[in-house]
Each structure stands twice: as C-alpha cells, then as structure tokens.
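Remember, it's 1-based here, ligands and their atoms both numbered in the order they're listed. In what follows, every heavy atom counts, from backbone to side chain, and hydrogens, waters and symmetry copies are set aside.
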Amino acid sequence: MLTNLTEKANRTNCACGRAHAVDMGDIIIRPNALDDIGRIVQQVSPGRRVAMVCDTNTYRAAGERLELMLKGTQVDLTTCVIRGEEPIVPDEKTLGTVLLAIEPGTQCLIAVGSGTINDIVRHVAYKMSIPFIAVGTAPSMDGYASSISSLVVDGVKTTVQGKLPAAIVGDTEVLSKAPEHMKAAGFGDLIGKVIARMDWRLAHMVNGEYICEYTIGLVQDALRRCIDALQSSSPDASSSGGAQASRSGSQCESGSQCTSDSPYSDETVSAIMEGLVVSGLAIAMVGISRAASGAEHHISHFLEMKALTGEAPAHLHGEKVSLGTYIMSTMYHKVFSHDFAEIERLMAAPPRPQSPERRVARLTEVYGRTAPAMIQRWRSNLPGEARAKYIKEYLSANWERLQQMVLHDIPKPAELTSLLDAAKSPYRFQNMGYSRDLVEDAIVCSKEISQKYSLLYILDEIGLLEHFAHETVEDLA
Ligand SMILES: [Zn+2]
Ligand SMILES: [Zn+2]
C-alpha cells in the first residue's frame with residue numbers, strides 16, 4: 001500500500017524545473033477507514049454544520065453508517081439522498097436538488113459516491129468556499145483527487161471549476177463490495193495511462209511541451225502495482241496470448257453480466273483505488289491532465305458525448321477508456337510497425353486522401369450544433385508549409401527512437417487484451433454496442449474536443465489520420 005501520498009505529491013525542487021504543491025489532507029485507503037470520519041470532519045471543518053450527499057445506492061453502501069457515526073458526535077448533520085432514475089446525471093437538476101437540501105451556514109460537505117456525486121459536491125463546495133471530504137464507494141474513476149468537475153450543462157458535457165477534497169476516504173471493505181463492472185472500469189481508466197504517457201512524451205519531443213517525468217513515474221508506478229496485484233490474484237492475467245484466445249468474445253468480456261469468480265482481491269481493489277487517487281494528484285501537481293489522459297480519453301469523451309445525445313449506448317467512463325486504450329495501442333503499434341520510408345510513400349500518395357471539404361462535412365455531421373467551434377479548432381491546427389516541413393524532418397530524424405518508445409512503453413494489443421480480459425474490462429466495440437462508423441468517427445474527430453497534442457494530431461498533420469483510423473478499425477473488427 002502506498003504511504004505518504006500527499007508528501008509524494010509535494011516537491012519543491014522537481015527535475016522538471018517546477019515546484020509541486022498540492023494542498024490536500026489525509027488520504028486514507030484501508031479496511032474500516034470509515035471509522036475515521038469523526039476525526040476527519042473535526043480536522044477539516046471550521047464548524048459543526050455538515051451536509052452529506054449520497055444517492056440511494058451509496059447511502060446503503062456507506063452513507064447510512066456515516067450518518068450513525070456522526071450522529072454520536074457534535075456534528076449537526078443534514079443528509080441529502082439524490083433519488084431518481086439511474087444513472088444520475090450531474091446536470092442542473094441534480095445540482096439544484098443538492099443546493100435545496102443544504103442548510104444555510106453549512107461549513108463542510110461530505111460526498112459519498114464515485115463520479116457523479118463527486119462532480120456535483122466538488123463544484124458546490126467551490127461555489128460555497130467550504131471544504132469537502134470525498135468518501136469513495138467504488139474504485140471506478142480517477143476523479144477523486146481532482147479540482148475540476150465534469151457537469152452536463154444545457155445537455156453538453158462541460159468542465160467547470162471545483163475544489164480539491166480536503167480528505168479522501170477509501171474504505172476497502174466498502175470498495176470491495178462495489179459492483180464488479182465498476183472495479184473493471186477503474187482498472188480500464190488506469191490502463192489508459194500508458195497511452196497518456198506516450199502522448200505526453202510525443203508532445204514534449206515534437207513541440208517542446210512542458211513535461212514532468214516525476215509525475216509520470218508516480219502514475220506509472222501506481223499502475224504497475226495494480227497490474228501486479230491483478231496478476232497475482234488472477235491466473236488469467238499472468239499468461240499472455242493464450243488467455244486472450246480463450247476468453248475474448250466470451251460473455252464475461254461485456255463486463256457487467258459476468259458472474260464467474262471475481263478477479264478482484266482486496267489487494268487489487270486497494271491498488272486500483274490508490275492508482276485512481278494518484279492520477280488525480282498528478283493532475284493537481286502540474287495543473288494539466290497530461291499524466292492521466294491522452295487520446296484514449298478523447299475517444300472516451302467523444303463516445304460519452306454521443307451517449308448524451310442518444311446516438312450511442314451509455315457506458316462507464318473507465319469502460320470507454322478501456323476501449324480507447326485498446327484502439328490507441330492498436331494504432332500506435334500499427335503506425336510504428338512501418339519504417340519511415342514506407343510512411344513517406346504513404347504521405348506522397350495517401351490511400352485515403354484527406355480533403356478539407358470532406359472533413360468539414362464529417363465534423364458538421366458528427367458534432368451538430370457545436371460543429372462550428374470544432375471546425376474552427378481543426379482549421380487552427382492545420383499545418384502551414386513551415387510546420388509541415390518541420391514535422392516531416394522531425395519524424396525522419398526520430399522515427400527509430402519513437403519506434404523503440406512505442407515497443408517499450410505501450411503494451412501490444414494482444415498483451416493488453418489479455419490484461420483486460422483478466423480484469424473483465426470491456427474493450428471490443430461490437431460488444432459495447434458501438435458501430436464501426438462511430439468508432440472511426442471517434443478516432444478522426446475526437447481530438448478537437450481537447451486540443452491536446454497526441455498521435456492523432458501528428459497523423460492528421462502528415463495527412464494520414466483517416467488512413468490509419470480506417471486501418472485500425474479494420475484490425476479491431
Ligand atoms: Zn516535476
Ligand atoms: Zn479517466
């Protein structure tokens with residue numbers, strides 16, 4: 001188990017040239033961590049008036065127990081249980097429900113839940129300028145240690161300012177009882193960090209973007225511990241191609257329906273929760289999400305947007321990241337299996353020539369009313385003559401180095417699917433209800449959502465994004 005997480009996130013003389021300061025209190029991940037709630041509230045709250053926010057499931061999982069524990073203390077507690085159709089959406093209605101339930105003069109909030117509850121409470125705490133405590137009920141997403149909330153405003157997924165939690169409580173007894181597909185989603189969110197690392201290094205090498213290898217190291221070490229824990233508790237994860245061949249396409253691969261033995265030991269659940277918290281800390285340390293998210297997350301965001309408009313099925317964030325990671329691993333290995341002379345030949349005569357008219361039409365169709373902004377972003381990143389020359393020269397000079405990095409840093413698709421099968425994390429688009437066209441659109445169009453430089457950008461700059469998107473989907477299919 002990781003110790004001194006907060007100390008690790010604070011570093012005055014980092015080799016990246018910056019000081020990292022994260023103002024966070026206790027991070028407690030262990031069995032019966034809920035028992036500490038009285039002490040933690042006393043530590044972080046300036047007063048007695050506290051509001052706890054849960055949904056019906058998380059109230060049962062931990063809220064009820066916390067309520068009983070706090071009722072025996074000096075705390076004046078209000079409980080807000082968000083009811084309604086599952087899954088609860090972090091939109092204006094939910095935000096209003098929470099605000100209506102909170103008593104005037106509330107001095108501290110407790111978020112009991114995972115993604116949605118934390119997104120809502122984090123933003124409310126920010127608006128009210130009061131501390132909040134995150135009590136995790138499922139190791140399903142990496143937003144516990146985050147200062148940003150992802151809300152749905154006017155039907156559109158929007159990033160808004162939130163507050164970093166004053167403390168994080170992960171009771172492994174509670175986390176272990178979370179539904180299996182939520183643990184698998186947490187693992188999926190974490191495995192995506194291998195793509196995030198490569199995309200960040202690519203952006204640093206090609207564009208001189210700021211990078212912090214210390215932060216990358218913290219996240220990758222946490223991921224390594226998760227994989228080790230999974231492999232030591234799940235025999236399928238320690239074998240390679242064989243596991244993939246025997247289990248891919250099985251019922252279990254859809255994640256939530258699986259009823260066979262759980263691959264999640266308490267140790268693995270604890271390692272996933274720590275990894276997810278570390279990912280959030282890594283974002284807080286450098287003020288950007290580079291160590292935690294790359295093109296695999298853009299693909300996930302794209303699919304989430306399509307789910308919100310009813311054009312695609314809904315899946316948990318980490319499940320979509322798992323698919324995004326599989327797509328990007330396939331794409332990275334495919335692109336860098338060519339030598340640069342072959343890439344040059346493809347650039348000279350692309351099998352799918354990229355036409356601006358066709359791309360504008362595609363972005364218009366894919367993004368609907370937000371298309372003008374996305375088209376503007378795409379246009380602003382089109383390379384001029386000097387940039388195109390630079391990219392070509394850069395790739396020519398560094399291709400073999402990049403090939404080595406991909407081979408060394410990104411698990412090959414077969415290794416990845418073996419791990420994801422063992423984790424029962426979904427990654428086949430067909431089984432997740434996505435069409436082939438939608439996945440190809442996600443690869444070609446998702447980068448406009450965040451404008452973070454990645455393999456997708458570099459391929460678009462050299463005119464081969466549409467070609468490799470198509471080839472990658474062929475492979476996945
Ligand atoms: Zn640093
Ligand atoms: Zn994520």
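Within H20, the N, O or S atom lying nearest to the Zn ion (ligand 1) carries the name NE2.
Geometry note: the Zn ion (ligand 1) is the vertex, C16 SG and C14 SG are the arms, and the angle is 110° (rounded to 10 degrees). To the nearest 10 degrees, the angle centred on the Zn ion (ligand 2) between NE2 in H317 and OD1 in D189 reads 100°.
Counted by atom type alone, S293 and K452 present one or more donor-acceptor pairs between their side chains at under 3.5 Å. If you check the side chains of D55 and T58, you find a donor sitting under 3.5 Å from an acceptor.
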Problem - Test ring pair (Phe, Tyr, Trp, His ring centres under 6.0 Å) applied to Y434 and H315, step by step - result: CA-CA 11 Å; Y434 298 125; H315 289 283; 5.5 Å; yes
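Both tests pass for R18 against the ring of Y210: distance under 6.0 Å to the centre and angle within 45° of the axis.
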